[in-house]
Amino acid sequence: MDDRLGLARTVRAAMNKVFPDHWSFLLGEIALYSLVILLLTGTFLALFFDPSQTEVVYHGRYVPLRGIPMSRAYESALDISFDVRGGLIMRQIHHWAALLFMAGIVAHMLRIFFTGAFRRPREINWVIGTLLFWLGFIEGFAGYSLPDDALSGTGLRIAHAVILSVPVVGTWVATSLFGGEFPGTEILTRFYIAHVLILPALLLGLVAAHLGILVKQKHTQWPGPGRTEHNVVGERMVPGFAIRSSGFFMLTFGLLALLGGVFQINPIWIYGPYQAAVVSAASQPDWYVWFLDGALRLMPAWEIRALHHTVPPIFWAGVVLTGVLIAISITYPWVERRRLGDDRPHHLLQRPRDVPTRTALGAMAVAFFMVLTLSAANDVIAYKFRISLNAMTWAGRIGCLLLPPIVYWLTYRACLALQQHDREVLAHGVETGILQRMPDGRFVEVHQPLGPTDAHGHGELGYGGWVVPKRMNRLGGIAPAIRGFFVPIEEPVQHDGHRERVPASRERVPADRERAPTDR
């Protein structure tokens, strides 16, 4: 292979690529593995699904719907569920994987935001991640709409109304997309092509670009012994990281198979075929669309009429809010860099407490999102708890205005309090939980002094009293003593002419090049 393709150098470099070892870095892998499972199960479902909107009469195995007129799309979805061997579990694994894919993206982006991993030179990867979320949003909505059942048809009707709300061009866009007046004759076929071909290709392209930039720029890492802005401490791709990632993929697949086999999701046979004049209560989309549904429910009935055009309230909640969220999320790295005047490249992560303004802004955004998400189920909450639906709507409106600033202030103060606690530890040492009685009868807690530290606050304690276990003294603190029972003891190694502390089970690689074993 090397004589013909010259792959040895490239493969060797890839096998020796080093990845940091921390649980938070696995959040992005969950999204990646869910996408792989989505492609596999989606390929199976595409073999049996027919997106036609032609009206037929059902004569399949599900007796309660026999003799009912429905679209061919809904009939084929029922056939997959009841007639195709393994079709139902494939449908449910596919749906659960879509939910986990979006959850993985959101969790990964929150980790990147709160730790500052989006800073220079990774702004482009942040933009790609944001685009992945919104592409996944559209992809999930398109797949959710394909079965043409009563629930998905209701969501499609709402999307049609949002498009119609756009001034001047809304009517033309809706008519062109749906092939006429709602529900039209072309929308499911077009959604099917977008769902199985166009959007997956875009997603795979963005994922490939995301991973390529990650490999080129090297991974971020938490500060620690031997970790600087110019190296990476972790495990090689082969064998450690590859084996662990393969096992993690199997765990993800097993969890999705368990969910698909045990927990029912989207029982379209209960909802029945879509009828434009029939809308049931408790019609909610998948969780990642709830915030948009909640915004539509909370928007006051403010209608603007000017220049022979009408701007309905749904336009502000469905179009303007979405555009504002996209713009803020994409441009935030440059806004923060300009505000702080920080143009340096960063490869070490930050603790959220050390950047209180950013952490408070993120918490405020999460609070705003949660209020809108809960408001998407305000009818269900009102019914179950016997509360006025009008009161629930006003509670959501007030919550959107008051709760985010309150969360911002509380988060900011919590970050400052944690910083103050860190200063007390630096000044007085680590709390040991050991009480000592003074000659005057007072009881004081024994603090273990920190001793000299490096630029990141890491050092080796000189305290060796009998009340401190030797293992604790050797590793340098309370937390490392606990961690020492689960990871190998740090051993000093010789690396590039400098004596540094590097975990024995890990490899530290210079920033300029990741050397192959033959170079050592």
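In Met237, the CE atom is crowded: over 12 heavy atoms of neighbouring residues, nucleotides or ligands sit closer than 6.0 Å. Atom CZ of Arg413 sits in a sparse spot, with 12 or fewer heavy atoms from other residues, nucleotides or ligands closer than 6.0 Å. Other residues, nucleotides and ligands contribute only 12 or fewer heavy atoms inside 6.0 Å of the CH2 atom of Trp409. Applying the 6.0 Å contact sphere to CD1 of Ile124 captures no more than 12 heavy atoms from other residues, nucleotides or ligands.
In terms of heavy-atom proximity, Leu188 sits nearest to Ala73 at CD1-CB, 3.8 Å. Annotation for Gly179 and Thr185: closest pair O-OG1, 4.0 Å, computed over non-hydrogen atoms. Across every non-hydrogen atom of Phe114 and Thr359, the tightest pair is CE2-O, 3.5 Å. For the residue pair Gly87 and Leu45, the shortest heavy atom distance occurs at O-CD2, 4.2 Å. Counting all heavy atoms, side chain and backbone alike, His219 lies closest to Leu214 at CD2-CD1, 3.8 Å. Minimum heavy-atom separation, Phe248 to Glu29: CD2-OE1, 4.0 Å.
With sequence neighbours left out, the salt bridge (charged side-chain N to carboxylate O under 4.0 Å, His left out) criterion links Arg305 to Glu303. Glu123 pairs by the salt bridge (charged side-chain N to carboxylate O under 4.0 Å, His left out) definition with Arg337, not counting sequence neighbours. Every side chain to side chain donor-acceptor pair (under 3.5 Å) that Tyr332 has, sequence neighbours left out, goes to Glu336. In this structure His346 satisfies the ring pair (Phe, Tyr, Trp, His ring centres under 6.0 Å) test with no other residue, sequence neighbours excluded. Residues satisfying the salt bridge (charged side-chain N to carboxylate O under 4.0 Å, His left out) criterion with Arg351, sequence neighbours excluded, are Asp354, Asp422. With sequence neighbours left out, Ser283 forms a side chain to side chain donor-acceptor pair (under 3.5 Å) with Ser280.
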Below 3.5 Å, can you tabulate the donor-acceptor pairs from side chains in residues 311-324 to any protein atom, sequence neighbours excluded?
from, atom 1, to, atom 2, distance (Å)
Thr322, OG1, Gly318, O, 2.9

Atom pairs and distances, donor-acceptor, side-chain atoms in residues 156-178, under 3.5 Å, two or more places apart:
from, atom 1, to, atom 2, distance (Å)
Arg157, NH1, His160, ND1, 3.0
Ser165, OG, Val162, O, 2.5
Thr175, OG1, Thr171, O, 2.9
Ser176, OG, Trp172, O, 2.9

Output side-chain donor-acceptor pairs under 3.5 Å for residues 266-273, partner residues at least two apart or in another chain, one line each.
none

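Using a 4.5 Å heavy-atom threshold, the side chains of Val57 and Met70 count as separate. For the pair Phe25 and Trp222, the minimum side-chain heavy-atom distance is below 4.5 Å. In this structure, Trp290 and Leu372 have side chains that are not in contact, with every pair of non-hydrogen atoms separated by 4.5 Å or more. Counting heavy atoms from C-beta on, the side chains of Leu259 and Ile265 never come closer than 4.5 Å.
Using a 30° and 60° split on the angle between ring planes, Tyr288 and Phe137 fall in the perpendicular class, above 60°. By the 30° and 60° cut-offs, the orientation of the rings of Phe182 relative to Tyr274 is perpendicular.
A ring-centre distance under 6.0 Å is not found for Tyr62 and Tyr58. Taking the ring centroids of Phe291 and Phe368, they lie at or beyond the 6.0 Å cut-off.
Classification of Arg119 and Asp343 as a salt-bridged pair fails, no side-chain N sitting under 4.0 Å from a carboxylate O.
Applying the side chain to side chain donor-acceptor pair (under 3.5 Å) definition to pairs two or more places apart or across chains, those involving residues 375-402 are Gln284-Asp379, Arg297-Asn378, Arg297-Asp379. Residue pairs meeting the side chain to side chain donor-acceptor pair (under 3.5 Å) criterion with at least one partner in residues 39-52, sequence neighbours excluded, are Thr41-His94, Asp50-Arg72, Ser52-Thr54. Sequence neighbours left out, the pairs with a member in residues 130-150 that pass side chain to side chain donor-acceptor pair (under 3.5 Å) are Ser71-Asp148, Glu139-His195, Asp149-Ser152.
Side-chain contact, Arg122 with His347: a donor N or O sits under 3.5 Å from an acceptor N or O.
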